Structures are given as structure tokens and as C-alpha cells.
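Nothing here was measured: the structure is a model prediction, and the numbers come from that model.
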Amino acid sequence: MRVATLGYQTWGHRTLQALLDSKHEVVLAVTHPKSDHAYEKMWADSVADLATDHGVPVHIATKPDDGFKAALADADPDIIVANNWRTWLPKDVFDRPPHGTLNIHDSLLPRYTGFSPLIWALINGESEVGLTAHMMDEELDAGPIVLQRSTPVEPKDTVTDLFHRTVDMIGPIAVDALDLIESGRAELTPQDRSLATFFHKRAPEDSRIDWTWPAEVIERLVRAQSDPYPNAFTTFNGQRIRVIRSSVSTGHYGGTPGRVFIHEGDGMVIVAGPDAWSGRNRGLSIERVRLDDGTEMTGREFFPHGGGYLGT
């Protein structure tokens with residue numbers, strides 16, 4: 001089939017590469033301009049450069065304006081394949097090709113519609129993550145499903161681990177879904193939208209640790225903000241500290257959330273939880289921190305003794 005791609009960053013790059021390596025013909029690559037947003041400067045393999053290197057026409061756009069639609073009309077694809085396209089598409093775009101638009105989304109839809117699904121899934125303690133290849137319709141990430149693929153979340157996985165595992169799944173699911181559609185064997189499964197969850201774009205404030213959260217959730221937040229993502233952070237005596245590694249304490253500690261309390265091994269335990277006063281909660285052991293100047297040290301080194309509060 002003649003394929004046009006809409007894609008951005010490494011997700012779009014992997015999609016385009018898989019299609020270039022397939023039997024299908026890529027006739028247009030549409031992508032966004034480079035951005036200085038923290039989450040868009042990472043995993044930033046260029047769709048435009050890859051397309052240019054392979055002689056594929058490129059169109060740069062932030063939204064489906066007249067120039068975008070003209071480029072699509074000139075390319076006359078049989079189908080559009082989208083991955084990490086970050087603005088809304090109208091019906092006259094996603095329905096224009098005879099086979100419509102196939103979108104690759106990095107969650108197991110209908111859950112985790114929207115943005116940063118791997119991060120939110122890890123924070124929420126999901127047992128698996130994955131990809132969904134679905135047909136696009138008027139509602140964001142809501143169209144019928146062609147294929148889904150999943151991978152388990154291990155107890156110590158970081159979001160970086162999950163990124164690498166799921167990004168390696170992009171090429172196979174995109175090509176397999178296209179082959180099913182071309183052959184007429186695709187079985188489109190409607191999504192149960194009563195199960196849908198919709199998450200917003202992440203901003204720097206979303207990485208701030210809330211010490212009223214249970215320690216288990218904060219520990220997952222730390223793993224969900226692993227390098228090169230903006231790390232989970234807190235403040236101590238007016239200084240920002242990034243938490244690079246943490247664990248749930250072995251002991252139960254009570255008091256006020258955010259209290260710097262007691263050493264466990266190389267870590268400093270911080271009181272945490274919505275009912276920390278009860279003494280039934282485990283705390284978060286901060287095992288390694290990074291300062292704004294890049295200095296790293298253990299929790300024991302940064303907090304030589306208990307006392308004081310984080311987040312104030």
C-alpha cells in the first residue's frame with residue numbers, strides 16, 4: 001500500500017523505519033518541528049532526517065492546516081499511519097485515504113488515553129504495558145482496535161526500561177496491522193469507553209514528590225522519572241534535590257509526611273502517607289540524590305542525621 005506517516009520523535013522514527021523496511025511504499029512523512037519542551041528533547045530521533053535520507057517527501061507542521069492537507073492530497077496515500085502525532089486531526093484528514101488512518105498508541109487502550117502513558121502506568125503500579133494499533137476516529141485514541149501487544153512490568157523496572165521494550169515493539173505491530181488491513185483480515189474490535197482513562201501532558205510540577213502519597217507510590221514515581229526523564233524531586237532547606245534511587249522502608253514510621261527521620265542502610269527514611277500519624281505506614285528511603293549542580297551522593301551522605309522536613 002501507499003502509506004503516509006504522521007510521526008514525531010523516536011516513536012515516529014521507529015514507525016517510519018519499519019515501513020521503509022516493509023513491502024509498503026512510503027509516499028509522505030509529516031512531522032512536527034523540533035521543540036525545547038523537556039519531554040520532547042529526549043528520545044528525539046528525527047523523522048524528517050530519516051525520510052530525507054530515503055528520498056521520502058517531508059512536510060513539517062504543527063497542525064493540519066491548508067499546507068498539510070495539500071501535501072496529503074498530493075501524496076494520495078492508501079492509508080495514513082500515525083505515531084506520536086501531538087495535535088488533533090479532523091475527519092477530512094484521518095478519513096481521506098481509502099483505508100483511513102492507523103494510529104499506534106503506547107498503552108493498552110482504552111486505558112491510558114492521552115499523554116505519557118508509560119509514566120502514568122508505572123506510577124499506578126500496572127502489571128503490564130504495551131501498544132495498541134487502532135483506527136482513528138473523531139475521539140482521541142478511541143477508535144476500534146486492530147492489534148494489541150503487551151510486556152510485563154517487573155518490580156524494579158524504570159520508565160526507561162519500559163520505553164526501550166515498547167519502542168522495540170513499534171515496527172512489528174505497525175507492519176502486522178498494515179498487512180491485516182491490506183489483506184482484508186483485520187478484525188476491528190470496538191473499545192469499551194466506560195473503561196477509558198485520559199491523562200494530560202506532564203509538566204515539571206508533575207515530578208514534585210507529594211509526601212502525603214504512600215511510600216509505595218512515591219517509589220514508583222521515582223522509577224517513572226528515571227534518566228533521561230526529569231527526575232522526581234523535592235526540596236530541603238530551600239534546595240531542590242532530585243531523587244535518583246529509593247525504596248520502601250523495612251520499618252513502619254509515624255509522624256508528619258515529609259519528616260526526615262532515620263537511616264536505613266545508605267538511605268534516609270522520610271515519613272510518608274495520607275495517614276502518617278497512625279504509625280502503620282512504611283516510609284520512603286531515599287538512597288541516592290542529585291543536586292542542581294550535578295553532584296550525586298547517597299541519602300545517608302546528604303542527610304547525615306534526621307530532622308527537618310522535605311517539600312517546604
Query raised in the report: Would F236 and W211 count as a close aromatic pair, with their ring centres under 6.0 Å?
Result: no
Query raised in the report: Hey, would you say the H164 and W43 ring centroids sit under 6.0 Å apart?
Result: yes
[X] and [Y]: side-chain donor and acceptor closer than 3.5 Å?
X: N103; Y: N83; answer: no
X: D45; Y: T10; answer: yes
X: S246; Y: E287; answer: no
X: N84; Y: H105; answer: no
X: S183; Y: R185; answer: yes
X: R165; Y: T151; answer: yes
X: N231; Y: Q225; answer: no
X: S285; Y: S249; answer: no

If you group Ile, Leu, Val, Met, Phe, Trp and Tyr by side-chain heavy-atom gaps below 4.5 Å, do [X] and [Y] land in one group?
X: V271; Y: V289; answer: no
X: L20; Y: M1; answer: yes
X: F233; Y: I119; answer: no

Requested in this report: Would you name the heavy atoms of V146 and A177 that are closest together and state the gap between them?
Outcome: CG1-CB, 4.0 Å
Query raised in the report: Which heavy atom of S226 sits nearest a heavy atom of V159, and at what distance?
Result: OG-CG1, 3.5 Å
Report task. For S247 and E219, run side chain to side chain donor-acceptor pair (under 3.5 Å): C-alpha distance rounded to whole Å, both residues' side-chain angles, the deciding distance at 0.1 Å, then the answer. Result -> CA-CA 6 Å; S247 62; E219 189 272 339; over 6 Å; no
Query raised in the report: How many angstroms lie between CG in L147 and OG1 in T132, if you round to the nearest 0.5 Å?
Result: 9.5 Å
Which atom pairs, donor and acceptor, lie under 3.5 Å between side-chain atoms of residues 49-58 and protein residues at least two apart or in another chain?
unit_1, atom_1, unit_2, atom_2, d
T52, OG1, A48, O, 2.9
H54, ND1, L50, O, 3.0

Query raised in the report: Do K69 and D92 pass the salt bridge (Lys or Arg N to Asp or Glu O under 4.0 Å) test, and can you show the C-alpha distance, the side-chain angles, and the key distance before you say yes or no?
Result: CA-CA 9 Å; K69 293 179 182 180; D92 64 340; 3.0 Å; yes
Query raised in the report: Within 45° of the six-membered ring axis of Y309 and under 6.0 Å from that ring's centre, is NZ or CZ of R259 located there?
Result: yes
Report task. Apply ring pair (Phe, Tyr, Trp, His ring centres under 6.0 Å) to the pair W85 and F94, showing each step before the final yes or no. Result -> CA-CA 12 Å; W85 181 259; F94 67 73; over 10 Å; no
Query raised in the report: Does the ring pair (Phe, Tyr, Trp, His ring centres under 6.0 Å) test come out yes or no for W120 and F199, once each step is laid out?
Result: CA-CA 8 Å; W120 293 113; F199 287 84; 5.2 Å; yes
Query raised in the report: Is the number of heavy atoms from other residues, nucleotides or ligands within 6.0 Å of CG (D65) greater than 12?
Result: yes
Report task. Show your working on salt bridge (Lys or Arg N to Asp or Glu O under 4.0 Å) between D292 and R240 and close with a plain yes or no. Result -> CA-CA 7 Å; D292 281 345; R240 180 168 63 173; 3.2 Å; yes
Query raised in the report: Taking it one step at a time, do F198 and D141 satisfy side chain to side chain contact (heavy atoms under 4.5 Å, CB included)?
Result: CA-CA 9 Å; F198 185 19; D141 297 332; 5.9 Å; no
